[in-house]
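These notes are about the structure you will find just below.
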2 protein chains.
Amino acid sequence: MTGYELTQFFESAAKWVWTAPQSQIYPLLRQMEKNGLIAGEVQLRGEKLKRTSYSLTEEGLAELRRWIAEPQPEPPTRDALLLQVLFADLVEPEECEAVLRNHIAEQRVKIRLWREHEARLLAGDTPLLRERLAHRDPKDHQRIGALKAHVFSELVRAAEQRVAWAEEAIGILHGG
Amino acid sequence: MTGYELTQFFESAAKWVWTAPQSQIYPLLRQMEKNGLIAGEVQLRGEKLKRTSYSLTEEGLAELRRWIAEPQPEPPTRDALLLQVLFADLVEPEECEAVLRNHIAEQRVKIRLWREHEARLLAGDTPLLRERLAHRDPKDHQRIGALKAHVFSELVRAAEQRVAWAEEAIGILHGG
DNA sequence: TACGTCATGTAAGCTGTTACATGATTTC
DNA sequence: GAAATCATGTAACAGCTTACATGACGTA
């Protein structure tokens with residue numbers, strides 16, 4: 001991919017699992033190339049406009065595989081909503097309820113998007129998945145698509161759990 | 001609290017909802033005092049050792065209330081485990097399974113700790129909760145404790161959901 | 001020719017992490 | 001007298017965010 005394509009990718013489906021701001025991408029690409037993880041190939045669009053398309057080197061693929069197979073440290077927790085509910089007794093119940101309802105609405109929007117993406121993965125219908133499957137034994141296609149879809153099903157279920165929890169919290173707020 | 005007490009607090013129960021490294025605490029306390037949110041009172045322990053105990057000013061309490069009642073922006077998602085499973089087809093199923101089992105074990109440890117803390121909150125049995133309740137109408141005690149316990153029940157349920165998901169993922173890995 | 005998209009960059013500033021550093025007091 | 005705990009700091013660095021900046025190409 002080029003830096004531009006990566007930027008768009010991180011602003012679309014990918015941001016649900018990992019995000020990177022545009023300003024990080026170009027410096028990082030250069031750094032990774034310097035470290036031999038990726039190799040850039042300069043292409044021409046028109047007469048003056050150059051674009052550099054990067055692909056993984058063998059070393060980069062090996063490093064990626066190492067990363068995938070290695071347990072990653074869990075990031076420190078910083079959950080603003082839980083903190084707000086912990087201190088809910090300092091404000092009016094209605095104020096806390098408004099915050100929770102806002103959160104519920106946000107989760108519902110995400111749930112809809114994730115469900116759509118999950119369905120597309122199960123149908124083998126996203127461009128990146130199709131490219132990935134092209135190099136793989138057809139008998140593995142179902143399994144690979146199912147695993148990727150399973151990732152999005154976790155996002156959906158976690159958000160649904162959160163919505164249910166927030167609704168219960170509203171009940172407790174009002175002395176339920 | 002003093003900076004030392006805050007440090008310990010963030011290294012114990014509080015870190016489950018919010019963490020702050022020790023190196024941040026003393027500079028932040030000075031900054032917050034400068035901004036009028038907290039006021040420090042210097043105490044003497046022995047002859048030479050001074051400790052500064054901070055408490056919220058009225059302005060600080062107002063600012064805290066404002067923060068609690070205001071929807072906080074959701075942080076960008078960066079979930080290493082989901083990313084590892086998304087790319088699981090690049091490694092052997094057993095390698096991915098090991099990562100998932102490691103995650104399951106970590107979650108189970110946390111679940112146990114959170115359950116204990118939840119029970120203590122429901123029984124009104126933590127020092128901070130008792131201090132908080134002391135200034136409140138006894139008829140609210142039950143509700144306040146229940147809300148705080150509900151926060152920890154969300155942590156527990158989210159982790160349990162995650163464990164169940166990881167077990168399903170292992171099944172899919174092996175062609176289930 | 002104007003607007004949208006393609007494509008790549010830089011700079012300032014904030015937050016957070018890791019690590020190091022120091023000295024007083026209490027306890028065994 | 002040694003070790004644990006109390007108590008407070010600092011420095012270097014990594015990572016991320018926000019914002020700004022520039023120019024080429026396609027198309028209506």
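Given the structure is predicted, the values throughout are model-derived calculations rather than measurements.
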> Got a second to check how far B:Ile170's CD1 is from B:Leu100's CG, nearest 0.5 Å?
Replying inline: 5.0 Å

> In whole angstrom, what separates B:Gln31's CD from C:dG16's P?
Replying inline: 11 Å

> Atom CD of A:Glu33 to atom P of C:dG9: distance rounded to whole Å?
Replying inline: 11 Å

> Could you walk me through whether A:Arg66 and A:Glu63 pass the salt bridge (charged side-chain N to carboxylate O under 4.0 Å, His left out) check?
Replying inline: CA-CA 5 Å; A:Arg66 223 170 304 145; A:Glu63 173 63 25; 2.8 Å; yes

> Given D:dC6, is OP1 or OP2 found less than 4.0 Å from the side-chain N or O atoms of B:Tyr4?
Replying inline: yes

> Please give, in whole Å, the distance from C:dG9 P to A:Arg51 CZ?
Replying inline: 13 Å

> Quick one: are A:Gln22 and A:Phe10 in side-chain contact, heavy atoms under 4.5 Å?
Replying inline: no

> How many Å lie between CD on A:Gln43 and P on C:dC6, as a whole number?
Replying inline: 15 Å

> Can you tell me how far P of C:dC6 sits from CD of A:Glu5, to the nearest Å?
Replying inline: 10 Å

> What does B:Gln8 touch in the nucleic acid at a heavy-atom separation under 4.0 angstrom: a base, only the sugar-phosphate, or nothing?
Replying inline: sugar-phosphate

> Take atom CD in B:Gln43; do more than 12 heavy atoms of anything else shown fall under 6.0 Å from it?
Replying inline: yes

> What residues in residues 12-30 of chain B put a non-hydrogen atom under 4.0 Å from any atom of DNA chain C?
Replying inline: B:Pro21, B:Ser23, B:Gln24

> Has B:Lys15 got its NZ or CZ under 6.0 Å from the middle of the six-membered ring of B:Phe9, at an angle within 45 degrees of the ring axis?
Replying inline: no

>> Without decimals, in angstroms, what is the distance between B:Met1 CE and D:dC6 P?
In response: 14 Å

> Which whole-number value in Å describes the distance from B:Lys48 NZ to D:dA7 P?
Replying inline: 17 Å

> Does atom CD of A:Glu131 have more than 12 heavy-atom neighbours, drawn from other residues, nucleotides or ligands, at distances under 6.0 Å?
Replying inline: no

>> For B:Leu49 and A:Ser53, find the nucleotide of DNA chain C closest to each by heavy atoms; which residue's nucleotide sits nearer the 5' end?
In response: A:Ser53

>> Tell me which residues in residues 75-84 of chain B lie within less than 4.0 Å of DNA chain D, going by non-hydrogen atoms.
In response: B:Pro76, B:Arg78

>> Assess whether a salt bridge exists between B:Arg108 and B:Glu167, defined as any Lys/Arg side-chain N lying under 4.0 Å from an Asp/Glu carboxylate O.
In response: yes

>> For B:Arg162 and B:Glu106: C-alpha separation, side-chain torsions, deciding distance, then whether salt bridge (charged side-chain N to carboxylate O under 4.0 Å, His left out) applies.
In response: CA-CA 11 Å; B:Arg162 194 89 172 186; B:Glu106 284 173 353; over 6 Å; no

> Taking only side-chain nitrogens and oxygens of A:Arg45, does any of them come within less than 4.0 Å of OP1 or OP2 of C:dA7?
Replying inline: yes

> Rounding to a whole Å, what distance do you find between B:Glu11:CD and C:dT18:P?
Replying inline: 12 Å

> Going by distance alone, is a donor N or O of one side chain under 3.5 Å from an acceptor N or O of the other, for A:His150 and A:Glu154?
Replying inline: no

